[in-house]
Amino acid sequence: MIQDLLAIAYPWLKAAHVISVISWMAGIFYLPRLFVHHAESGEAGSDVSETFKMMEMKLYSVIMTPAMIATWTFGILLVAIPGVLGWWFLPKFIAVLIMTGFHAWLNGRRKEFLEDRNTRSGRTYRFANEIPTVLMVIIVIAVIVKPF
């Protein structure tokens, strides 16, 4: 019964999942860029630093985290539909778990900035900004090309 309802709702669940992923990814790409600029121009306690702290908090709390929760929620609902899963799901799932860990790592860095305890350079955050790109490529290829 529930699986039948989910199957009927499939296109809407898939659309909601994609919208959630896009929102999450927008934030996960942007927050490390904010950290780059915060690390390079936001001297602790300055007005610039305080502005970055506010921007980082709002991006993380208002956009990224709700979008991540929605992504997981709609993804789990999609997985519950018979016939949706295939071998492609395993690399996607692993990449999404790593992305979720990266999300948590970003929150730790956000808290360090909030407490004026950041010790990482802008270069570190530039490098970190490449991690979600690699994960996104793995996820998109797994889902669209399904080579696995």
Side-chain angles (χ1 to χ4, degrees), residues 1-42 49 51-115 117-148:
M1 176 76 170
I2 290 177
Q3 288 181 335
D4 293 336
L5 290 173
L6 289 173
I8 292 167
Y10 175 75
W12 290 101
L13 292 172
K14 193 173 181 180
H17 183 65
V18 170
I19 292 165
S20 301
V21 168
I22 291 168
S23 299
W24 185 24
M25 293 302 297
I28 221 159
F29 282 134
Y30 188 48
L31 190 56
R33 296 307 305 166
L34 285 176
F35 291 163
V36 167
H37 299 297
H38 195 165
E40 292 179 350
S41 64
S49 179
T51 299
F52 276 120
K53 289 176 187 180
M54 183 262 312
M55 292 170 67
E56 293 157 359
M57 183 276 300
K58 286 185 177 181
L59 178 61
Y60 186 83
S61 301
V62 177
I63 296 172
M64 287 174 60
T65 299
M68 180 192 67
I69 292 167
T71 296
W72 272 97
T73 300
F74 294 122
I76 289 167
L77 290 171
L78 286 168
V79 166
I81 299 171
V84 169
L85 287 183
W87 284 106
W88 57 268
F89 178 74
L90 185 58
K92 176 193 177 179
F93 183 67
I94 291 168
V96 172
L97 284 175
I98 295 168
M99 188 83 72
T100 302
F102 183 70
H103 181 102
W105 183 83
L106 289 173
N107 190 41
R109 304 307 62 79
R110 184 189 64 80
K111 288 178 180 178
E112 288 175 355
F113 276 113
L114 187 64
E115 298 166 358
R117 294 186 302 112
N118 176 58
T119 58
R120 291 168 180 81
S121 69
R123 185 171 186 249
T124 299
Y125 295 116
R126 279 188 186 87
F127 175 76
N129 203 44
E130 302 308 318
I131 293 169
T133 302
V134 172
L135 295 170
M136 177 197 61
V137 168
I138 293 167
I139 292 166
V140 169
I141 291 173
V143 173
I144 303 298
V145 179
K146 298 182 182 175
F148 307 100

In terms of heavy-atom contacts, Ile28 and Pro132 come closest through CG2-CB, 3.7 Å
CG (Leu31) and CZ (Arg109) are apart, to the nearest 0.5 Å, by 11.0 Å
Minimal heavy-atom distance between Gly122 and Val36, with the atoms involved, is O-CG2, 3.5 Å
Minimal heavy-atom distance between Trp24 and Met64, with the atoms involved, is CD1-O, 3.7 Å
Between the CD1 atom in Ile76 and the CD1 atom in Ile81, the distance rounded to the nearest 0.5 Å is 13.0 Å
Residue pairs meeting salt bridge (charged side-chain N to carboxylate O under 4.0 Å, His left out), one or both in residues 124-135, sequence neighbours left out, come to Glu40-Arg126
With sequence neighbours left out, the residues meeting salt bridge (Lys or Arg N to Asp or Glu O under 4.0 Å) with Arg120 are Glu112
CZ of Arg110 to CE of Met55, rounded to nearest 0.5 Å, is 14.0 Å
Residue set satisfying side-chain hydrogen bond (donor to acceptor under 3.5 Å, both in side chains) with Ser41, at least two apart, ordered chain then number -> none
| Going through the checks in order, is the side chain to side chain contact (heavy atoms under 4.5 Å, CB included) test met by Val96 and Trp72? | CA-CA 9 Å; Val96 172; Trp72 272 97; 3.6 Å; yes
Hits for side chain to side chain contact (heavy atoms under 4.5 Å, CB included) against Ile94, two or more places apart or cross-chain, chain-then-number order -> Leu90, Ile98
Value for CG (Asn129) from CG (Leu106), rounded to nearest 0.5 Å, stands at 9.0 Å
On a heavy-atom basis, the closest approach of Pro32 and Gly27 is CD-O, 4.4 Å
Smallest heavy-atom separation, Pro147 atom then Ile141 atom, equals CD-O, 3.4 Å
Q.
Checking Asn118 against Tyr125 for the side chain to side chain donor-acceptor pair (under 3.5 Å) test, could you report, in this order, the C-alpha distance in whole Å, the side-chain angles of both residues, the deciding distance, and whether it holds?
A. CA-CA 11 Å; Asn118 176 58; Tyr125 295 116; 2.6 Å; yes
By side-chain hydrogen bond (donor to acceptor under 3.5 Å, both in side chains), Ser49 pairs with (sequence neighbours left out) His38
Distance col, row Lys111:NZ vs Glu56:CD, nearest 0.5 angstrom, shows 13.5 Å
(message) Is it the case that atom CZ in Arg33 sees more than 12 heavy atoms from other parts of the structure closer than 6.0 Å?
(response) yes
- Item | Crowding at CG, Leu5 (>12 non-hydrogen neighbours, <6.0 Å) | yes
Would you please indicate if the ring centroids of Phe113 and Phe52 are separated by under 6.0 Å?
no
### Query
Would you find a donor on one side and an acceptor on the other, under 3.5 Å apart, between the side chain of Ser23 and the backbone of Ala67?
no
Does CZ in Phe29 sit with more than 12 non-hydrogen atoms of other residues, nucleotides or ligands closer than 6.0 Å? yes
Backbone of Ser61 reached by a side-chain donor or acceptor of Thr65 within 3.5 Å = no
Please determine whether the number of non-hydrogen atoms from other residues, nucleotides or ligands lying under 6.0 Å from atom OH of Tyr30 exceeds 12. no
Could you list the donor-acceptor pairs under 3.5 angstrom formed by side chains in residues 11-22, with sequence neighbours left out?
| residue | atom | partner | partner atom | Å |
| --- | --- | --- | --- | --- |
| Lys14 | NZ | Tyr10 | OH | 3.3 |
| His17 | ND1 | Thr71 | O | 3.1 |
| His17 | ND1 | Gly75 | N | 3.4 |
| His17 | NE2 | Lys92 | NZ | 3.4 |
| Ser20 | OG | Ala16 | O | 2.8 |

